[in-house]
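What you see is a predicted model, and the numbers here were worked out from it, not measured in a lab.
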Amino acid sequence: MEHRGLDADGYFEREGSLGRVQPEFTALVAATRRRIAEAYGRRLHSAYLYGSVPRGTARPGRSDLDLLIALHREPTDDDRDTAEVLGRGLDEEFGEIDGVGILLFGKDRLLSDRERYDLGWFLACLCTPLLGADLAEHLPRYRPDALLARELNGDLATLLPQWRSRAEGASTPAEYRRMNRFFSRHLVRTAFTLVMPRWGGWSSDLRESAEVFGHYYPERAAQLREAAEVALEPVGDPAVARRYVEDLGPWLADEYTARLGTKSPRP
């Protein structure tokens, strides 16, 4: 398989750019930039796009819009409420997207030592600058090594109890659809980062991530391919969630811990 996402020296290339945004989403991106500035004013340090929209792979009416917003200080409850209103307004107005996800952090946390190989890497490598001064200028270059893999997804074991509670509390196909999309995305990305140091490359493509993983774990390849499809075409089937929290998730968490260790604790 071709190794993607690295430059000639083996460092991550930043994926996505505003130049890759498809014409169907240009009005959305322009409105997003304007509304973020209006909503946060002087509290805003910078804002970023990530995901399929800046990669140029978004599907009109089916992809969501993903944003990271950095404030000068740690966000307050009012700031989080503002993000919720902002995302809901964009989702309701623009039929080109199916949902808006907003990550909201203070700039000091994004640049902190404890987030150097998690949120710092995420911003520097997967986020496309939309507004303000780019924080990536203060972050190092990254390689797809074991330290990065551990700090990115070495916390699956601690997340699974929350997932089980969420699955037990769901009752409608719509709830299961949203939940299955979230679980499957997380599992495919975690499975990929498990093998990322051995493969020596990067991909945000879920289908490719599943194929890369399957090369190292053929006995679980079919499950990952299925999860990648659910991430792209979510289903409201409770049996899918049960398989994730009772089988694939626990196995993946144990294998991750055995090979890479656990993520450093956060406050």
Spell out, yes or no, whether [X] and [Y] are grouped together once hydrophobic residues are joined by side-chain heavy atoms under 4.5 Å, including indirect joins.
X: L252; Y: M179; value: yes
X: L103; Y: V53; value: no
X: L123; Y: I102; value: no
X: L135; Y: I36; value: no
X: L148; Y: L6; value: yes

Do the ring centers of Y216 and W199 come within less than 6.0 Å of each other? no

Are W163 and F183 near enough that their ring centres are under 6.0 Å apart? yes

Can you name the residues that form a salt bridge (charged side-chain N to carboxylate O under 4.0 Å, His left out) with [X], not counting sequence neighbours?
X: D205; result: none
X: R88; result: E84
X: D66; result: none
X: E255; result: R259

Listed by chain and number, what are the ring pair (Phe, Tyr, Trp, His ring centres under 6.0 Å) partners of [X], not counting sequence neighbours?
X: F122; result: Y50
X: Y48; result: none
X: F213; result: Y217

Under the side chain to side chain donor-acceptor pair (under 3.5 Å) rule, what pairs show up with a residue in residues 20-39, not counting sequence neighbours? R35-E93

Quick check against the 3.5 Å criterion: does [X] have a side-chain atom that pairs as donor or acceptor with the backbone of [Y]?
X: D98; Y: G61; answer: no
X: T193; Y: M196; answer: no
X: Y142; Y: A124; answer: no
X: T257; Y: D254; answer: no
X: R55; Y: S17; answer: no
X: R243; Y: G249; answer: no

Under the salt bridge (Lys or Arg N to Asp or Glu O under 4.0 Å) criterion, do R207 and E229 qualify, and how do the steps go? CA-CA 7 Å; R207 289 190 176 107; E229 295 306 318; 2.7 Å; yes

Of all heavy-atom pairs between [X] and [Y], which one has the smallest distance, and what is that distance?
X: S209; Y: S203; result: OG-O, 3.4 Å
X: L126; Y: S204; result: CD2-OG, 4.1 Å
X: T82; Y: A39; result: CG2-CB, 3.7 Å
X: L260; Y: A149; result: CD1-CB, 3.7 Å
X: C127; Y: L68; result: SG-CD1, 4.2 Å
X: A253; Y: L160; result: CB-CD1, 4.1 Å

Not counting sequence neighbours, which residues clear side-chain hydrogen bond (donor to acceptor under 3.5 Å, both in side chains) with R220? List them please. Q223, D247

Tell me, please, which residues at least two apart from E233 pass side-chain hydrogen bond (donor to acceptor under 3.5 Å, both in side chains). R59, R62

Greater than 12 external heavy atoms within 6.0 Å of F94's CZ: yes

Tell me if the CZ atom of R42 is crowded by more than 12 foreign heavy atoms within 6.0 Å. no

According to salt bridge (charged side-chain N to carboxylate O under 4.0 Å, His left out), does anything in residues 67-77 pair up with another residue at least two apart or in another chain? List the pairs. D77-R80

Do any pairs count as a salt bridge (charged side-chain N to carboxylate O under 4.0 Å, His left out) and have a residue in residues 154-169, sequence neighbours left out, and if so which ones? D155-K263

Test R43 against H72 for side-chain contact (heavy atoms from CB on, under 4.5 Å), laying out the working first. CA-CA 6 Å; R43 291 171 291 168; H72 284 286; 5.8 Å; no

Walk me through it: do F105 and L71 pass the test side-chain contact (heavy atoms from CB on, under 4.5 Å)? CA-CA 6 Å; F105 299 103; L71 303 181; over 6 Å; no

Between [Y] and [X], does any NZ, NE, NH1 or NH2 come within less than 4.0 Å of an OD or OE carboxylate oxygen?
X: R225; Y: E211; result: yes
X: R150; Y: D145; result: no
X: R14; Y: D134; result: yes
X: R116; Y: E151; result: no

Would E13 and R4 count as a side-chain contact (heavy atoms from CB on, under 4.5 Å) here? Give the steps. CA-CA 9 Å; E13 292 182 323; R4 297 171 51 191; over 6 Å; no

